[in-house]
Amino acid sequence: MNLYPRFAGHVADALNGLMAGGDLPAGLSLANVTVEPPRDASHGDLATNAAMVLAKPAGMKPRDIAVMLAQQLARLPDVASAEVAGPGFLNLTLDPGVWRAELAAIAAAGADYGRSALGAGQHVNVEYVSANPTGPMHMGHCRGAVVGDALASLLAFAGFQVTREYYINDAGGQVATLARSAHLRYREALGETIEIPEGFYPGDYLVPVGQALAAEFGPAYVTAPESEWLVLFRTRTVALMMERIRADLAQLGIHQDVFFSEASLGNRVQEALDTLDARGLIYQGVLEAPKGEAGEDWEPRPQTLFKATQFGDDSDRAMQKSDGSWTYFAGDVAYHWDKLERGYTALVDLFGADHGGYVKRMTAAVRALSDGKVPLDIKIVQMVKLLRAGEPVKMSKRSGNFVTLADVVEEVGKDVVRFIMLTKRSDSQLDFDFAKVVEQSRDNPVFYVQYAHARIASAKRKAAEAGIVLPPADLDRLDATDLALVKVAAQWPRIVEQAAEAREPHRIAFYLNDLAAAFHTQWNMGNDDPARRFVIADDPGLTAARLALADAVAQVIRNGLAVMGVEAAEELH
RNA sequence: GCGCCCGUAGCUCAGCUGGAUAGAGCGCGGGACUUCUAAUCCUGAGGCCGCAGGUUCGAAUCCUGCCGGGCGCGCCA
C-alpha cells in the first residue's frame, strides 16, 4: 500500500482506539481528517489536522486531542517522532527506514509505481478532439487533443477503465459546404479552371480529394445537379478528411477507440427525444427573444423544446427546428444518450472555449437522461496563442491560411508539443512560442525535466565506462540528504490520485518539474562536494546506492512522462 | 440584460475538493563554470492573493455584493 493511505489508516486506527477506550466520544466522523505532507518540510514528513477537525464535535480542546493522538502514533515503529504544533496540527517524522523501503518499492513496482485503484469498477468515456472533418488538424485543435489524451491516460493509470472517443460532425451545413468545395476541386482535377467562391473551403488539402473523386467517378458528376452528388461527395470527402485527421493525431501519439459519426445517429435522435418526452421534458413552445446585439431579425416561432431550465440551464433549448428538422443540439443529446446506453459510469467532454455557452444545456440533458446518475464533466480548453519569437502567428481556417498540427509536430517534435500543452491549466490561455519551446534552459520545462532524466542515464553510463563494479545496492548507505529526494519521488502516487480526481493532467507536468528540480539540486551538490556525487569511483558501494536512488527518480519521471504521452530522453543534444 | 471564465511578485503562471510564515520560473542584485556533475545550482530583494462584507478554530481557497478584463448568449455547427 502507498505511504499516505497507509498512514491515514494508522491515524484512523488510533482515533478509533481512542473512541473505543472512551478518551474520545464514540461515533465521531473522520471524513474530514487528512494526512498529508506539510507545506514546510521542517515540520516533518506527515501532518494531520485530526485534532482540529474533531475538537468541536468532540467538545474538547484541539491540543488535548492532538497530545493523545501523538502518544498513540509515537508507538508505531515507522514513526520517529510525533509533535503537536500550531493550532493543533500533529506533525509526524518518519523513521528513515520508511524512505528506504519506499525506494525499494519504486524499484519493485517500476512502470507501475503510482498506479492506483482509485477508479476500480468505473468506466469513463472521454470525448476529445471532435474537430469538424472539414480540413486537417490545425493548432487550434491541438490542445484539446493533448489534454484529452493525457487525461484519458491519467484516468487509466488511476484505475479507471477508459474509452477514448471522437465525435465526427459529419451531418451539418459545414460538411455540405465541404462537399461542394470538393466538387469544385473535382472539376479542377478534370481540367476546368475554377474559382473558389466566398464561404467555400479554399485550402489546398482538397486538391488531392478532387483528384481522388475524379479518379473514382470520372466526369459523371461535372454538370449533374447537386442532389445527385452531394451525399456521395460528402461521404467520400469526410472519409478522406478523417483519414488525414487520424494520421495527424497518430503523429501526436493519439489513438482513439471510438469514432462516432453524427450522420449515423439515425433514429437515435427520435429515441432520445422520446425518452425525454416520456419524462415530461419536451413541449412545443416559443422562446423569448435573446438579449444583446444579435436580435435584429429574430422572429418568434413555435419549436420542440427541452426543459433544460429544470436542470439548471438558463433557457429551454430547441430540439427541432420549425421546419421539423433536428437541431445540432438534438443530435448531441442523442449522441450522449447513446453513450449512456453503452453503460459508462461517468462521461467527460473536452470543449473548446468557444463552446463554453453550451456546457449547461449538455449537462442538463445528461442529467435528465441518466436521472442524475451519470455525471458529465465538461472541461473547457482555452485557446493557444501561437508565437514565433514573440510575434503572433495568424491563423484562419476560412482563408485556408492556418498552421497545421502536422507542421508543428514536424518542426518541434511530438514530445515538445505534448509537454507544453500540459504546462498550464487547460482553462487558461497558453502561449506556444516556437523559439521558446525548443530552448534548452531552465524556463523550458520540457528540457528541464528531460535533462534530469538524461543526467541519470549519463551517470549510469559513466559508472559503467569507469569500470566500477557495482555490488547490490545497500540503501543504508543513503543519508538524510539522499532520502530527501526519495520524499519527493514518493509523492507520485498521491499526485496521480489528486490529478485524476480533479481531472487535471497539467498537475503531472508541474510535479515532474518539482521532481526534476529536487534532482538537479542534489546533483549540483556534487560540484562543491565530490562526496555527494552519484558516481564515486573509489566507493562502489555508495555509487550503487546512489544510482539506485537516481534510478528511482528516473523511474518516476518516466512514469509521469508516460501519462503525458512523452518519451523520456536518454541524452540531449 | 443574462450566463460562464479570469483577477496571486515587474512579467508568465502554480496553489483554489479550506490548514501552519502564499510558491516557481523569467527579469533584477550577489555568488559557483565553460557544458551530460555549472544547458545547472546557491543566494538576496520583490505580495493590501482586485475591493468590501460573511461562514469557520483557520479563507488566496467557500458564500454574497461590487470593480476590472475576456468569452458566450437564435432554429449555426
Side-chain angles (χ1 to χ4, degrees), chain A residues 32 34 36 38-40 43 47-49 51-53 55-56 61-62 85-89 91 132 134 169 171-175 177 262 287-301 303-305 313-315 317-332 353-360 380 382-383 423-425 427-431 436 439-445 447-448 450-452 454-459 461-462 498 501-502 506-507 509-510 513-514 516-517 519-528 530 532-535 570-573:
Chain A
N32 293 325
T34 60
E36 333 183 280
R39 194 165 291 188
D40 186 340
H43 289 142
T48 178
N49 63 353
M52 288 179 292
V53 172
K56 198 169 185 183
K61 290 181 187 166
F89 282 102
N91 293 328
N132 288 343
T134 53
N169 296 139
Q174 287 182 11
V175 282
T177 302
E262 179 186 0
L287 289 177
E288 278 178 35
K291 311 277 184 182
E293 292 182 38
E296 294 140 28
D297 53 351
W298 187 88
E299 296 171 37
R301 286 188 192 152
Q303 307 153 58
T304 304
L305 300 173
D313 201 357
D314 312 304
S315 165
R317 301 295 175 180
M319 297 286 284
Q320 214 166 12
K321 306 179 196 175
S322 47
D323 67 1
S325 62
W326 301 115
T327 60
Y328 176 80
F329 176 61
D332 218 356
D354 51 340
H355 288 68
Y358 201 71
V359 170
K360 279 192 178 181
I380 294 294
Q382 272 289 352
M383 304 295 286
T423 50
K424 270 194 193 174
R425 292 172 62 104
D427 56 8
S428 65
Q429 280 208 1
L430 174 75
D431 290 348
K436 283 192 174 168
E439 193 174 280
Q440 301 206 331
S441 73
R442 174 68 180 95
D443 61 332
N444 180 358
F447 165 77
Y448 189 70
Q450 292 284 25
Y451 186 44
R455 272 183 156 171
I456 293 168
S458 158
R461 283 196 301 269
K462 283 283 155 70
Q498 288 177 341
E501 277 182 327
H506 76 275
R507 295 191 189 203
F510 279 94
N513 201 58
D514 289 346
F519 175 76
H520 286 308
T521 293
Q522 204 90 306
W523 178 275
N524 270 72
M525 287 181 192
N527 286 326
D528 298 329
R532 288 239 66 95
R533 296 190 170 202
F534 282 81
V535 177
E570 295 293 309
E571 30 184 359
L572 302 172
H573 291 290

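We use all heavy atoms of the structure for the numbers below, so side chains are in, but hydrogens, waters and symmetry mates are not. Here is the naming used below: chain letters follow the sequence lines, and residue numbers restart at 1 for every chain.
Ring geometry, A:W523 versus A:F519: the interplanar angle falls from 30° to 60°, so the pair is classed tilted.
Counting to the nearest Å, the C1' atom of B:U40 and the NE2 atom of A:H520 are 7 Å from each other. Atom NZ in A:K360 sits about 12 Å away from atom C1' in B:C5, given to the nearest Å.
Judged by distance alone, with hydrogens and angles left aside, the side-chain atoms of A:H520 form no donor-acceptor pair with the main-chain N or O of A:Y451 at under 3.5 Å.
The phosphate of B:C73 has neither OP1 nor OP2 within less than 4.0 Å of any side-chain N or O from A:S315. Regarding contacts with the backbone of B:U37, every side-chain N or O of A:Y451 stays at 4.0 angstrom or more from both OP1 and OP2. Side-chain N/O atoms of A:R507 include one lying less than 4.0 angstrom from OP1 or OP2 on B:C16. OP1 or OP2 of B:G19 has not a single side-chain nitrogen or oxygen of A:T34 nearer than 4.0 Å.
Taking A:E262 as the reference, A:Y167, A:N169, A:D170, A:A171, A:L265, A:Y328 meet the side chain to side chain contact (heavy atoms under 4.5 Å, CB included) condition, with sequence neighbours excluded. Applying the salt bridge (Lys or Arg N to Asp or Glu O under 4.0 Å) criterion to A:R317, with sequence neighbours excluded, gives A:D313. Partners of A:K56 by side chain to side chain contact (heavy atoms under 4.5 Å, CB included), not counting sequence neighbours: none found. A search for salt bridge (Lys or Arg N to Asp or Glu O under 4.0 Å) contacts involving A:E570 returns nothing, not counting sequence neighbours.
Between A:F89 and B:G19, no base-stacking contact is recorded for ring centres under 5.5 Å apart and planes less than 30° from parallel.
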Could you go through nucleotides 54-61 of chain B and list every protein N or O atom that sits under 3.5 Å from one of its N or O atoms, giving the distance for each pair?
unit_1: B:C57; atom_1: OP1; unit_2: A:K56; atom_2: NZ; d: 2.9

Report, one pair per line, the protein and nucleotides 12-14 of chain B atoms (nitrogen or oxygen only) whose separation is under 3.5 Å.
unit_1: B:C13; atom_1: OP1; unit_2: A:K424; atom_2: NZ; d: 2.0
unit_1: B:A14; atom_1: OP1; unit_2: A:R425; atom_2: N; d: 3.1
unit_1: B:A14; atom_1: OP1; unit_2: A:S428; atom_2: OG; d: 3.1

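Using a 4.0 Å cut-off between a side-chain N of Lys or Arg and a carboxylate O of Asp or Glu, A:K321 and A:D323 do not qualify as a salt bridge.
Rounded to a whole angstrom, the distance from the C1' atom of B:A52 to that of B:A59 is 15 Å.
For a distance-only test at 3.5 Å, the side chain of A:N524 fails to qualify as a donor-acceptor partner of the base of B:U37. Contact of A:N91 with B:A20 (side chain to base): a donor-acceptor pair of N or O atoms is detected under 3.5 Å.
Between A:N169 and A:R461, the residue anchored nearer the 5' end of RNA chain B, judged by the nucleotide with its closest heavy atom, is A:R461.
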